[in-house]
Amino acid sequence: MELLVSIKINSELKNIPFLTEKAKKVLFHIYDNIDFLQEIDLSLTEAITNIIEHSYKLVQTGEIWVYIYISKNNILKFELVDHASPYQIPLDNNIELNYDPEDIDSLPEGGMGLFLIHQCMDKVEFLSLSNKQVLTMFKKLPEINL
Amino acid sequence: MKLIKTDLPGNIVKIKPDINRIDASIASQFKGELAEIISNGNNNIILDFNDVSFIDSSGLGAIVATYKKVKPVGKLVILTTSQAVLTMLKLTRLERVLTIIKSNNIMDAIEKFD
């Protein structure tokens with residue numbers, strides 16, 4: 001795997017656009033497709049928001065590292081590392097968003113983040129260790145000439 | 001973030017955020033300000049998202065919360081041609097629930113209140 005870029009931000013929600021813009025700027029040179037770049041923006045935003053809200057519990061002094069790699073067979077790997085409180089996320093890659101469109105009370109006001117990540121990415125892995133959490137997302141690029 | 005409110009004929013209000021990104025950093029404020037607008041008696045709302053180029057699940061949650069408040073007594077219409085917004089609504093299947101007008105012409109949204 002070749003490291004394309006590493007980006008560090010403090011655990012403040014307002015820093016997320018800085019990170020996603022930087023990531024998209026790098027990835028634009030690999031695949032300049034607006035839908036693809038939007039999916040990357042959305043996945044990174046949802047994942048980092050989860051880390052800030054659930055791992056760092058909105059404490060703004062933590063650090064989040066994002067490493068973006070590309071493999072020889074055109075698979076992008078996004079590795080998100082934090083060193084806050086351990087937390088768990090469902091590993092099921094077939095996560096669903098269940099609600100009844102006819103039942104207004106069942107419409108979701110939250111809990112959509114992980115579902116959206118799975119919609120945009122091909123595979124999601126999560127590792128919680130004693131001193132860090134690593135969320136890894138994989139996305140296969142379409143057949144392109146790099 | 002500011003919401004620009006425009007009163008329209010027929011007790012309709014158009015609400016347009018002055019930012020192009022609605023994410024978790026402002027979703028709570030966005031939801032709160034919409035709730036305040038509703039509590040002031042505005043139940044027919046057009047959300048003009050034509051300048052919104054990104055929305056995450058928090059922003060979408062704020063829209064759903066607004067819809068739940070308005071639905072029993074009025075109507076919420078989303079006016080947008082933003083592909084990012086439309087994609088989010090499609091991914092979450094909320095396009096089947098919410099009234100979405102794919103246009104940047106306010107008249108197209110107003111027609112939905114007839």
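All chains are named by letter (A, B, ...) in the order of the sequence lines, taking the proteins before the strands, and each is independently numbered beginning at 1.
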Below 4.5 Å, heavy atoms only, C-beta onward: do A/Leu107 and B/Lys71 meet side chain to side chain?
no

Can you tell me which portion of B/Arg96 sits under 4.5 Å from chain A's heavy atoms? Options are side chain, backbone, both or neither.
neither

Are A/Pro17 and B/Asp23 side-chain neighbours, meaning at least one heavy-atom pair lies under 4.5 Å?
yes

Check the pair A/Leu42 / B/Met88 against side-chain contact (heavy atoms from CB on, under 4.5 Å), numbers first and verdict last.
CA-CA 9 Å; A/Leu42 183 60; B/Met88 275 292 275; 3.4 Å; yes

Given that the side chain runs from C-beta out, which part of A/Glu39 has a heavy atom under 4.5 Å from chain B: side chain, backbone, both or neither?
neither

Under 3.5 Å, is there a donor-acceptor pair between the side chain of A/Glu46 and the main chain of B/Ser57?
yes

Most contact-rich option vs chain B, by heavy-atom pairs under 4.5 angstrom, among A/Ile34, A/Ile52, A/Ile104, is A/Ile104

When you look at NZ of A/Lys77, are more than 12 heavy atoms from neighbouring residues, nucleotides or ligands closer to it than 6.0 Å?
yes

More than 12 non-hydrogen atoms from neighbouring residues, nucleotides or ligands closer than 6.0 Å to NZ on B/Lys68, yes or no?
yes

Indicate if B/Ile106 and B/Ile45 have the same hydrophobic cluster label, given that clusters are the connected sets of ILVMFWY residues with side-chain heavy-atom separations under 4.5 angstrom.
no

So what's closer than 4.5 Å to chain B heavy atoms on A/Phe115: side chain, backbone, both or neither?
side chain

Side-chain heavy atoms nearer than 4.5 Å, only ILVMFWY residues, links allowed to pass through others: does that put B/Met107 and B/Leu79 together?
yes

Are A/Met112 and B/Thr92 side-chain neighbours, meaning at least one heavy-atom pair lies under 4.5 Å?
yes

Are the side chain of B/Arg93 and the backbone N or O of A/Leu97 linked by a donor-acceptor pair below 3.5 Å?
yes

Shared ILVMFWY cluster between B/Val77 and B/Leu60, side chains joined below 4.5 angstrom?
no

Residue B/Lys5 excluded, over 12 heavy atoms near NZ under 6.0 Å
yes

Interchain contact, B/Leu94 with chain A, by part (heavy-atom threshold 4.5 Å):
both

Can you tell which part of A/Leu116 gets under 4.5 Å to a heavy atom of chain B, answering side chain, backbone, both or neither?
side chain

Beyond-backbone contact of B/Phe54 with A/Thr20, side-chain heavy atoms, under 4.5 angstrom:
no

Does any backbone or side-chain atom of A/Asp35 lie under 4.5 Å from a heavy atom of chain B? Answer side chain, backbone, both or neither.
side chain

Can B/Leu76 be reached from B/Leu3 by stepping across I, L, V, M, F, W or Y side chains whose heavy atoms are under 4.5 Å apart?
yes

Spatial distance of atom CD (A/Gln38) from atom CD1 (B/Ile55) [nearest 0.5 Å]
12.0 Å

Could you state whether A/Leu27 and A/Phe18 fall into the same hydrophobic cluster, counting links through intermediate Ile, Leu, Val, Met, Phe, Trp or Tyr residues with side-chain heavy atoms under 4.5 angstrom apart?
yes

Using a cut-off of 6.0 Å, state whether more than 12 heavy atoms not belonging to A/Lys140 lie near its atom NZ.
yes

